[in-house]
2 protein chains.
Amino acid sequence: MKAKLEEILHQSSRLMAKKAYHGTSMRDLACQTGHSVSGLYNYFKNKEELLYLINYNGFSAITDTLNRTLETMHGPQERLYALIYNHIHYFMAHRDEMKVMMMGTQEMALEKSRVIREIKDKYTQTSQEIVREIYQAETGAAPDKKEISRKTFLLFGMMNWIFGWYSPKEHGDTEALINDVYTTFLHGLSGEKTSFPACAGLFKK
Amino acid sequence: MKAKLEEILHQSSRLMAKKAYHGTSMRDLACQTGHSVSGLYNYFKNKEELLYLINYNGFSAITDTLNRTLETMHGPQERLYALIYNHIHYFMAHRDEMKVMMMGTQEMALEKSRVIREIKDKYTQTSQEIVREIYQAETGAAPDKKEISRKTFLLFGMMNWIFGWYSPKEHGDTEALINDVYTTFLHGLSGEKTSFPACAGLFKK
DNA sequence: AATATGAATGAACGTTCGTTCAGAAACTAC
DNA sequence: GTAGTTTCTGAACGAACGTTCATTCATATT
């Protein structure tokens, strides 16, 4: 009953990860899950709700495990590592769901997309807080709000883009990946600013 | 004539950036461009070709400007900065196109997707070469192929994810963003590896 | 003025879309 | 074995999809 919905959500993620939301038809999904088309509607109200449930379950899971982990960690570096470890490990175990979750909430009803946005905002806020703490701990300087925001999103970029290229065979195991992200971000954060004003002028708009 | 196709491609990017490929209908596009539905077919063979042209023009432009710029730059740091500057500036000026280009080539005919993949592969190769050079220059160590590959993709992640969050008002101007990416990656690359083996055990699978 | 050329159109084609619904099938409880 | 309940299904719905085509329109050439 509940397990069947979970299976439908997973298969739905597999299809939508390949062909996107509008490219995946209810008939495709019925074929993939072994149900009839009409039978699927016993488990959810409509197609749009599928997208919502995948997003809701995914983002809820990732924030829940992070918050539970952070309760026992208080050092800035450990907390940053926990954030990265949690994020990447979740997405490694749910790559199709991840891709669907990256697609945005455009196709959802307004109220549903607001629920998802709130979870994401809270996750972003937690992450920015961790980045702010470690910035202060590493540099001792007063953190600029815009800069913290930018750098947090750069971290997200490194982590979220993984689904587009990573394969263990070609790029090493997950631990190496996590360490690269952690090392890159930590040292990058505390590195002194280096600009190339002379260089920038060389490019024509 | 050619200008009208360019305009159609741009409007197509705008729509597809919002609603994805399958979510954008020929009728939507006709309405957006002011043409009739059938009139659009004077400018391209079919809908799938639209996706191809957006991708081809975009990736061609970005690689062409990069290659032209790299011809006059020989220092590893300058070359890295040029890569980042070129990538981010192009995507800032073509955000909708960028989003479409990130959607992948799943909906294209096989031969067309192969053309796109070849351009992307060459761009990746050039970037990896730059990263390899700077890794050697900064650390003096022999570069591990897998590590270079991973870190190059982390750089791409920081840059490609920008379209999902950046707004000048909230996160500062483009130059600050470019500098953050450059600084983060440069210092992150040469930073010594820091791992948390004790920490990793704290997480349950 | 007549003709040739390419651009643009409305109507229609056959498919496929998400969704519904009356009823069959399967399972429980008495 | 019968009645009640839940699970599932095939057929069908109207709407929207990408694409085609016989025309019309606009412009340029002779």
Side-chain angles (χ1 to χ4, degrees), chain A residues 1-56 96 100 103-113 116, chain B residues 1-56 96 100 103-113 116:
Chain A
M1 174 59 171
K2 200 62 186 272
K4 284 201 184 170
L5 174 58
E6 304 261 331
E7 174 63 15
I8 290 173
L9 289 178
H10 178 59
Q11 296 299 336
S12 196
S13 299
R14 286 187 32 135
L15 292 178
M16 289 184 188
K18 273 216 194 329
K19 307 255 293 166
Y21 176 74
H22 289 292
T24 303
S25 71
M26 295 299 293
R27 285 159 182 87
D28 291 339
L29 185 54
C31 180
Q32 181 83 10
T33 57
H35 292 85
S36 67
V37 181
S38 48
L40 290 171
Y41 283 85
N42 290 317
Y43 299 100
F44 50 87
K45 197 172 143 288
N46 51 31
K47 189 187 174 187
E48 168 226 319
E49 194 177 54
L50 272 183
L51 197 62
Y52 169 74
L53 290 174
I54 294 170
N55 274 271
Y56 183 84
D96 292 327
V100 174
M103 287 178 181
T105 59
Q106 188 70 37
E107 338 282 348
M108 283 184 218
L110 207 75
E111 62 168 272
K112 289 179 185 167
S113 73
I116 301 301
Chain B
M1 173 60 171
K2 201 62 187 274
K4 285 203 185 169
L5 174 57
E6 303 261 331
E7 174 63 13
I8 289 172
L9 290 177
H10 179 59
Q11 296 300 335
S12 195
S13 300
R14 286 186 33 135
L15 292 177
M16 290 184 187
K18 273 214 194 331
K19 308 255 292 167
Y21 177 74
H22 289 292
T24 303
S25 71
M26 295 300 291
R27 285 156 182 87
D28 290 339
L29 185 53
C31 180
Q32 182 83 9
T33 57
H35 291 85
S36 66
V37 181
S38 50
L40 291 172
Y41 283 85
N42 289 317
Y43 298 100
F44 48 88
K45 197 171 143 289
N46 51 32
K47 189 186 174 187
E48 168 226 318
E49 194 178 52
L50 271 183
L51 197 62
Y52 169 74
L53 290 174
I54 293 169
N55 274 272
Y56 183 84
D96 292 326
V100 174
M103 287 176 180
T105 59
Q106 188 69 39
E107 337 282 347
M108 283 182 221
L110 207 75
E111 63 168 90
K112 288 179 185 168
S113 73
I116 301 301

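Below, chains carry the letters A, B, ... as their sequence lines are ordered, and counting in each starts from 1.
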Show me the donor-acceptor pairs, under 3.5 Å and distance only, between side chains in residues 24-33 of chain A and residues at least two apart or in other chains.
{"residue": "A:Thr24", "atom": "OG1", "partner": "A:Leu15", "partner atom": "O", "Å": "3.4"}
{"residue": "A:Thr24", "atom": "OG1", "partner": "A:Ala20", "partner atom": "O", "Å": "2.9"}
{"residue": "A:Ser25", "atom": "OG", "partner": "A:Arg27", "partner atom": "N", "Å": "3.4"}
{"residue": "A:Ser25", "atom": "OG", "partner": "A:Asp28", "partner atom": "N", "Å": "3.0"}
{"residue": "A:Ser25", "atom": "OG", "partner": "A:Asp28", "partner atom": "OD1", "Å": "3.4"}
{"residue": "A:Ser25", "atom": "OG", "partner": "A:Asp28", "partner atom": "OD2", "Å": "3.2"}
{"residue": "A:Asp28", "atom": "OD2", "partner": "A:Ser25", "partner atom": "N", "Å": "3.2"}
{"residue": "A:Gln32", "atom": "NE2", "partner": "A:Gln11", "partner atom": "OE1", "Å": "2.9"}
{"residue": "A:Thr33", "atom": "OG1", "partner": "A:Leu29", "partner atom": "O", "Å": "2.9"}
{"residue": "A:Thr33", "atom": "OG1", "partner": "A:Ala30", "partner atom": "O", "Å": "3.4"}
{"residue": "A:Thr33", "atom": "OG1", "partner": "A:His35", "partner atom": "ND1", "Å": "3.3"}

Handout entry: Residue pairs passing the salt bridge (Lys or Arg N to Asp or Glu O under 4.0 Å) test where at least one lies in residues 10-20 of chain B, sequence neighbours excluded
Key = none
Taking [atom1] from [X] and [atom2] from [N], how many angstroms apart are they, rounded to a whole number?
X        : N      : atom1 : atom2 : result
A:Glu107 : C:dG18 : CD    : C1'   : 14 Å
A:Phe44  : C:dG18 : CZ    : C1'   : 10 Å
B:Asn42  : C:dT5  : CG    : P     : 17 Å
A:Lys47  : C:dT20 : NZ    : C1'   : 17 Å
B:Asn46  : C:dT15 : CG    : C1'   : 16 Å

Practice task
Under the side chain to side chain donor-acceptor pair (under 3.5 Å) rule, collect the residues that match up with B:Gln106, sequence neighbours excluded.
Solution key: none
Nearest 0.5 Å, what's the [atom1]-[atom2] distance between [X] and [Y]?
X       : Y       : atom1 : atom2 : answer
A:Leu5  : A:Asn42 : CG    : CG    : 11.5 Å
A:Asn55 : A:Leu50 : CG    : CG    : 11.0 Å
A:Glu7  : A:Ser12 : CD    : OG    : 11.0 Å

Completion exercise
With the side chain defined as heavy atoms from C-beta on, B:Tyr41 is closest, among C:dA7, D:dT19, D:dT9, to D:dT19
Completion exercise
Out of C:dA8, D:dC8, D:dG18, minimum distance to the side chain of A:Tyr43 belongs to D:dC8
Problem - Five-pair end axes of the helix from C:dA8-D:dT23 to C:dC30-D:dG1, angle between them (10°) - result: 20°
Polar-atom pairs under 3.5 Å, protein N or O versus N or O of nucleotides 22-27 of chain D: list them with distances, or write none.
none

Problem - Sequence-distant partners of B:Lys112, salt bridge (Lys or Arg N to Asp or Glu O under 4.0 Å), two or more places apart - result: B:Glu48
Completion exercise
Taken in chain and number order and not counting sequence neighbours, the residues that satisfy salt bridge (Lys or Arg N to Asp or Glu O under 4.0 Å) with A:Glu49 are none
Practice task
For DNA chain C, determine which residues of residues 20-39 of chain A have any heavy atom closer than 4.0 angstrom to one of its atoms, and list them numerically.
Solution key: A:Thr24, A:Ser25, A:Met26, A:Arg27, A:Val37, A:Ser38
Problem - B:Phe44 atom CZ, neighbour heavy-atom count above 12 within 6.0 Å - result: yes
Practice task
For D:dC8, take OP1 and OP2 only and decide whether either is under 4.0 Å from a side-chain N or O of A:Lys4.
Solution key: yes
Problem - Nearest heavy-atom neighbours spanning B:Tyr21 and B:Met103 - result: N-SD, 4.4 Å
Practice task
Report yes if the side chains of A:Asp96 and A:Val100 come closer than 4.5 Å at any heavy-atom pair, otherwise no.
Solution key: no
